[in-house]
Amino acid sequence: MARIGVFICWCGENIARNVDVEQAAAEVADLPGVACALAYKYMCSDPGQSLMRRKIAEERLTGVVVASCSPHMHLRTFRKAAAMAGLNPYLVEMANIREHCSWVHHDRSQATRKAVELIRMSVAKVRNNHALQPIAIPVTRRALVIGGGVAGIQAALDIADAGYQVALVEREPSIGGKMAGLSETFPTLDCSQCILTPRMVDVGQHPNITLHTYSEIEAVEGYVGNFKATIRKKARYVDVAKCTGCGQCWNSCPSKKTPSAFDYNMGNRTAIYVPFPQAVPARPVIDRNACLHFLKGKCGLCAKKCQAGAIRFDDQDQLVTEEVGAIVVATGFQLYSIGKEQTNGHTIGYGEYGYGQSPDVIDSLQFERLVSASGPTNGEIRRPSDGKVPKTVVFISCVGSRDNAKGISYCSKICCMYTAKHTMLYKHKVHDGQAHVFYMDIRAGGKNYDEFVRRAIEQDGAQYHRGRVSKITQENGHLIVRGVDTLAGEPLTIEADLVVLAAAMRPADHVEELAQKLNVGYDENGFLSESHPKLRPVETNAAGVFVCGACQGPKDIPESVAQASAVAGKVAIMFSREELSREPEIAKVNETNCAACFACVRACPYNAIERAEIRDRKGNLVKRTARVNQGLCMGCGTCVAVCPSKSIDLDGFSEQQIYAMVESLE
Amino acid sequence: MSDSNDFQPKIIAYVCNWCTYLGADLAGTNRLEYPASVRIVRLPCTGRIDFNLIVKAFETGADAVLVSGCHPGDCHYTAGNYHARRRWMLFRPLLEALEIDTRRIHFSWISAAEGKKWQQVITEIADKTRELGPYSDYREICQAESEK
Amino acid sequence: MDIGYYPGCALHGSSNDYGSSVRACLAALGVGLRELDDWICCGATAAHSLNHLLAIALPARNLAIAERDGLPDLLAPCPMCSMELMKAGRALAASAELRRQVSDIVELDVTGEAKVLNLIQVLQKVGLDQIKEKAVRPLTDFHPACYYGCLLTRPPDTLRFDDCEQPSSMETILRALGASPVEWNMKTECCGAGLTMADEDVVLELSHKILGNAQEHGADCMVVACPMCHVNLDMKQPEVERRYGCRHDMAVYYLSDLVGLALGIDRHALGIDRHFVVKQ
């Protein structure tokens, strides 16, 4: 037997001016199911809420309708008040007779008529409301961080420092990402490895962080608070527990000609190697495609030299599982492939710059390795072709970026800054050298960024030419760079010794496969999609999965670190209680009725509906049914509309509620 | 303002909570006047709208029905409005075959920032519906059926 | 194999040496050339500078003739002709409306489906192995610079042939026949094209640079597949040498000339002695 209380708010003059609230109260008092109806000046005020609570008790109300402002304003307020009086908050609805009525209709009789009808609709709805309890999802308070660059490192450290366990998975043999390969960073010209390696060591030593390097994510199951990740730890052929990192093995390895990926092929490494001296973990890995033991059954010198007996040629890939409640994706970036070879289907290379034909045309990360003191030339800037010191270096901005013809329409954000940095580092090492920069625009929007670019020009003499380069050819060992200076209005040809191309930033390879495993969206460029570009930049539409760093879009180190700490905050919020609490206005399946056509499964934008089986005690299959995952459903109701048998309904906006609302309008 | 003897069309609007409902709120905040014909039924998403709801609205006396949600690409639930749009494309020929007056069914995309658009859309629909007159045919058929 | 043959104005007129060369070379490879009946001008630069519809209709009639006469493959040895024919073909294949309109204008059914090939593509179709088999004289004494000019590989989306920045299709054929093509920097730089009439100075300067660069990179001759390029590099070479006071002394061969020589055809039949710069 419904006993609904209707509370009509004057809202001072806002409603009462155009709606005759007392008359409305009188009319609705006669509606079936209404136990009491009254009007009050300010329902949301303290006395107003007290009034409501008193009436709930006095009249033994089973439901409440507040006719006042928009539910977006005060639905939560009134639901909380009702809960305080012992009435389930989901038995409270609102009729919007202000924004949708008194504020937009000035004919008093029409406005009052409409207000009465709106209240009638809400009463009809509430008569069909059910008491609902918030949904509690257990949370495994451990996090998984995918990617060990500066963003992944920061996120892992912050979450670990907050007291939670973290599993950090990194594809390469060492963490550090792209930042570990940089020489100095803008705008401070801090030594990149000097500021990063202490963090890397912290990660390696943190009691709360389990490091899985040389590993990849194989599969992810589950949902927010309850994920199970399967990780493939690739065979290192070195027993990490026994190895002391003494270096005897890589110092005696006879296979020395493999191009080093860490040096972007500017230098070589041995078959057994650590990617760089400060690697974490400082344990080598054997590349079986370069190792004489694997290729020809010979050598084995490392095993002979190793005092700790740590070489294990019989090592295999291992699969481990991590159970976590939250996943952070920090897979970073790579540079666009400038030459003809592209690793995806939709970008095109630049045949006109000679990249791949001339060894003296290199990209920006390769230049970083030349400049780096621990790089293949020990920090001396030398031409890859003949080892001579280049006296004229041309830097070209926007190679790939902002070029629709190449399939990349966005700006890569960091190149203007690092190109200025490169001209400065070059000048600091080659005092009689001249740097030229071909640019389209200068984007230097961060703190001290514009001043930094001006320094490169005014103090270090870099010559900036506004224009693009049309072709680079080789003549007599020099590179002829043909471009244009649009401000001078003339073509410009420079004979250079070295050309550095600022290639576009792209997401790391295979990130799309990872995103599909995690149900995270990505855009046409492969950057992972955030929930809202302004207000939710580190969450994704997959509950419990977060993103930070360059995998979400081109950005520099300070932004990556900021996003990483932001993610750690979000994770800490998730982990701050034993259970996650979710709004219960979600979908529910009538499993008896469900015909298991799974149209709802296909329609759900959140993959929140599972194909479940009902079995009897003996394990025999009784029937199949759709089942809503309460941790994932966001309550949009698309499934309700597609179900041919109406076996799925949406609490809070059920079939019965909506039909009742419409029918009340007769 | 219309004379109370004039036909005041009854419009039922099924709107999504996140875009159009807030757009209508904004029209209110900006005090934009429009005809008092519309009754809003708030839903989480236009994806929730099954076309029986539209038919039901006519059955209970609506003279026009509006379905309004987020712009394509902006759905709060990512894809609900696409489902609604697709459903309409399939459902419209069916309704036309049944000789239901599809001129009385309106679709719009109104964002939370488009208070003015809400005002315009409702005013237009009210005007059009006034020209078409009350949808008495449908009601008569329903009544005849229920009396059988 | 038989293919349709569209000589175009150049091969019929001032570049009849190219015409002789193509006929002799392809005949030796067993390719039967069936010249299109009553073909008309392809429109060249003039049409596409003035009127897009005309620029499609003129080549369209030739395509329609080829289709009507059962010639699905059509060789157009001049890259301007082949480019205009291909461009028209693609536009027609993409629009039924355009096909209707143009069929009306040219008074023949146009489908745009005839496949247009340049000289290099026809040689590729014959097959490198076939050509090598028939070769009797290796080209080991030739160090050519292969010059593609502007129209063999561009516009890349329309032609979809070779690489527009670093083409290599001619080099592949010549290398297989024993020649040693050089790597040089101006494979696709413009020679000045039709400005040879309107503004000769431009052509002389550009040709001078092209010939010079080929020389610098060790070439002893040039190979082209375009009659316009041939005029600017060969016929204008004496004028270039006079204007810039230098000796380029570069014979400019058509691709079919060198392939023909490798096949044992004599220079006269290939029209080589009709060139301006002739080497023995």
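Each chain gets a letter, A, B and so on, in the order the sequences are listed, and its residues count up from 1.
Side-chain polar atoms of Asp25(B) and His72(A) form no donor-acceptor pair below 3.5 angstrom. Side-chain contact of His105(A) with Glu33(B): a donor-acceptor pair under 3.5 Å is absent, judged by distance alone.
Both the backbone and the side chain of Met634(A) come within contact range of chain B, each with at least one heavy atom under 4.5 Å from a heavy atom of that chain. Contact annotation for Asn18(A): neither backbone nor side-chain heavy atoms come within less than 4.5 Å of a heavy atom of chain B. Leu53(B) touches chain A through backbone and side chain together, each having a heavy atom under 4.5 Å away. Contact annotation for Arg87(B): only side-chain heavy atoms (C-beta onward) come within less than 4.5 Å of a heavy atom of chain A. Contacts of Leu43(B) with chain A are made by both backbone and side-chain atoms, with heavy-atom separations under 4.5 Å. Interface remark: Ala111(A) contributes no atoms to any contact with chain B (heavy atom separation under 4.5 Å). Looking at Tyr21(B), both its backbone and its side chain come within 4.5 Å of chain A, counting heavy atoms on both sides. Contact annotation for Asn30(B): neither backbone nor side-chain heavy atoms come within less than 4.5 Å of a heavy atom of chain A.
Separation of atoms CZ (Phe653(A)) and CG (Asn17(B)) is listed at 6.0 Å; rounding is to 0.5 Å. The structure places CD1 of Ile40(B) at 4.0 Å from NE2 of His100(A), a figure rounded to the nearest 0.5 Å. Lys10(B) contributes atom NZ, which lies 6.0 Å from atom CD of Glu117(A) (distance to the nearest 0.5 angstrom). Separation of atoms CG (Leu22(B)) and OG (Ser70(A)) is listed at 6.5 Å; rounding is to 0.5 Å.
When all heavy atoms are compared, the tightest approach of Cys45(B) to Cys636(A) is CB-O, 3.5 Å. When every heavy atom of Ile12(B) is checked against every heavy atom of Leu665(A), the shortest pair comes out as CD1-CD1, 3.7 Å. Residues Tyr77(B) and Tyr606(A) come closest through the heavy atom pair CA-OH, 3.1 Å. The minimum heavy-atom distance linking Gly47(B) with Ala641(A) is given by the pair O-CB, 3.3 Å.
Side-chain contact between Gln8(B) and Arg113(A) is absent, with no heavy atoms from C-beta onward closer than 4.5 Å. With contacts defined as side-chain heavy-atom distances shorter than 4.5 Å, the pair Tyr82(B)/Thr638(A) does not qualify.
Contacts from residues 107-128 of chain B to chain A, taken as heavy-atom pairs separated by less than 4.5 Å, involve no residues at all.
A salt bridge links Glu655(A) with Arg48(B): the distance from a Lys NZ or Arg NE/NH1/NH2 to an Asp or Glu carboxylate oxygen falls below 4.0 Å.
Using a distance-only test at 3.5 Å, with no hydrogens or angles considered, no donor-acceptor pair links the side chain of Lys56(B) to the main chain of Ile658(A).
The candidate with the highest count of non-hydrogen atom pairs below 4.5 Å against chain B, out of Leu118(A), Asn541(A), Val640(A), is Val640(A).
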